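The structure displayed is predicted, hence computed values, not measured ones.
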Amino acid sequence: MSEALWTELEKLDVLRERMGIGYEEARAALNIAKGDVVKALDNLEKARDGDDQGWDFVERGRGILDCVKDKLGSFNNTTVSLKKHDNTILSLSAPLGLALAYTIWRKPGLRILALVGAVGAAINHYELEVATADKSAYDDDAFNFAEDEMDEEF
């Protein structure tokens, strides 16, 4: 059967049968290999033989989850302020501001009023300031897939 005719489920089944892994790990391997079953098998074999080149899917998943938790934590420490000439008119936490914006956007009458208010605020030189109290460094190693692709080429 040619590669073009394979469905994703058939590819996953081949990976699962040959490597004895679950659907989630097979899907991750197939995604990293960009749909190439042979490349995914090779990557999984290298990971199994200890020649690990970053194919530890469980660790990568934990890294992504930790990164998302950190970003949500910093989002909770973020405030959105409406200012005019360094005077704070209104200050809200980001989650509350997001909930309020969503509520306003769902009601057509309030949506028009909010858009008119935004235009009026822009004309009168009001500023919207987003500030966070979290000063942690930005570290996106969990999402650094370009480096993985560079490793594959060599």
With a 4.5 Å heavy-atom cut-off, do [X] and [Y] have their side chains touching?
X     : Y     : value
Leu92 : Thr79 : no
Ile89 : Lys83 : no
Leu44 : Glu25 : yes
Leu12 : Arg27 : yes

Subject >> Residue pairs, two or more places apart or on separate chains, that pass side-chain hydrogen bond (donor to acceptor under 3.5 Å, both in side chains) and touch residues 86-99 >> reply: Ser81-Ser91
All side chain to side chain contact (heavy atoms under 4.5 Å, CB included) counterparts of [X], not counting sequence neighbours:
X      : value
Glu24  : none
Leu98  : Phe75
Ile123 : Val119

Check whether [X] reaches the backbone of [Y] with its side chain - one donor and one acceptor, N or O, closer than 3.5 Å.
X      : Y      : result
Asn124 : Tyr126 : no
Glu10  : Thr7   : yes
Lys11  : Leu30  : no

Closest non-hydrogen atom pair, [X] against [Y]:
X      : Y      : answer
Asn43  : Ala33  : ND2-CB, 4.4 Å
Leu15  : Ile21  : O-CG1, 4.0 Å
Leu110 : Ile104 : O-CG2, 3.6 Å

Original post:
Listed by chain and number, what are the salt bridge (charged side-chain N to carboxylate O under 4.0 Å, His left out) partners of Lys84, not counting sequence neighbours?
Top reply: none
Original post:
How would you list, by chain and number, every residue that makes a salt bridge (charged side-chain N to carboxylate O under 4.0 Å, His left out) with Asp42, sequence neighbours excluded?
Top reply: Lys46
Original post:
What pairs of residues pass the salt bridge (Lys or Arg N to Asp or Glu O under 4.0 Å) test when at least one of them lies in residues 88-104, not counting sequence neighbours?
Top reply: none
**OP:** Scan residues 99-122 for pairs that pass salt bridge (Lys or Arg N to Asp or Glu O under 4.0 Å), counting only residues two or more places apart or in two chains.
**Re:** none
Subject >> In one Ile/Leu/Val/Met/Phe/Trp/Tyr side-chain cluster, 4.5 Å: Leu96, Trp105 >> reply: no
Original post:
Does Leu41 share a hydrophobic cluster with Leu9, counting links as ILVMFWY side-chain heavy atoms below 4.5 Å and allowing steps through other members?
Top reply: yes
**OP:** Please name all residues satisfying side-chain hydrogen bond (donor to acceptor under 3.5 Å, both in side chains) with Glu127, sequence neighbours left out, ordered by chain then number.
**Re:** none
Subject >> With sequence neighbours excluded, residues passing side-chain hydrogen bond (donor to acceptor under 3.5 Å, both in side chains) with Tyr23 >> reply: Asp13, Arg16
Subject >> Test log, rule side-chain contact (heavy atoms from CB on, under 4.5 Å), inputs Val80 and Glu129 >> reply: CA-CA 6 Å; Val80 179; Glu129 179 183 87; over 6 Å; no
Original post:
Measuring from Thr132:OG1 to Asn76:CG, what's the distance to the nearest 0.5 Å?
Top reply: 9.5 Å
